[in-house]
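Working notes, beginning with the structure itself.
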Amino acid sequence: MTGGIAKALMATAFGLGVAIFSLLPFNYLNARLEEARHEIQDAARIRDLAREAPGEWRRGSKSIPGKSPKNLLLDRLRYLIGKARAACLLTS
């Protein structure tokens with residue numbers, strides 16, 4: 001009977017070792033996946049904002065001296081992305 005218990009304990013210890021060791025690559029890959037997901041979401045937001053924004057800078061922002069419409073759009077996108085990231089931090 002003691003031989004069976006020893007084998008069960010060894011099998012349990014081995015199984016726990018494999019499970020704990022496999023968490024390292026899992027957590028690393030999961031973190032990389034999360035970063036990629038955030039980058040894709042940011043790119044999608046920029047794309048959506050770029051579709052909407054040209055009408056906005058044509059209406060009033062065009063008169064700012066020294067700023068091209070492209071720079072105005074980029075400034076607005078940076079502001080909105082920062083605002084979206086701040087909102088994500090507050091909700092998590």
Side-chain angles (χ1 to χ4, degrees):
M1 186 106 180
T2 59
I5 293 174
K7 287 181 182 178
L9 287 174
M10 286 177 49
T12 301
F14 181 74
L16 284 172
V18 168
I20 291 169
F21 184 71
S22 66
L23 280 176
L24 297 172
F26 173 77
N27 286 337
Y28 171 74
L29 293 173
N30 204 19
R32 293 208 39 209
L33 179 66
E34 194 68 22
E35 287 176 15
R37 186 176 68 83
H38 284 294
E39 286 183 23
I40 291 170
Q41 283 181 341
D42 288 346
R45 283 188 197 113
I46 289 171
R47 185 202 64 211
D48 293 343
L49 290 170
R51 286 181 180 169
E52 297 170 4
E56 290 182 17
W57 56 257
R58 280 190 202 126
R59 275 186 244 135
S61 303
K62 195 173 181 182
S63 61
I64 296 175
K67 285 273 192 174
S68 69
K70 181 181 176 184
N71 288 341
L72 290 169
L73 175 62
L74 290 174
D75 289 345
R76 178 155 173 76
L77 291 175
R78 285 185 194 109
Y79 167 75
L80 291 172
I81 288 171
K83 194 173 175 182
R85 284 187 177 158
C88 289
L89 289 175
L90 291 176
T91 58
S92 32

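Along the sequence shown, the residues carry numbers beginning at 1.
- Classification of Arg37 and Glu34 as a salt-bridged pair holds, one side-chain N sitting under 4.0 Å from a carboxylate O.
- Note that CG of Leu23 and CG of Asn30 are 10.5 Å apart. Values are rounded to the nearest 0.5 Å.
- Between atom CE of residue Met10 and atom OG1 of residue Thr12 there is a gap of 10.5 Å, rounded to the nearest 0.5 Å.
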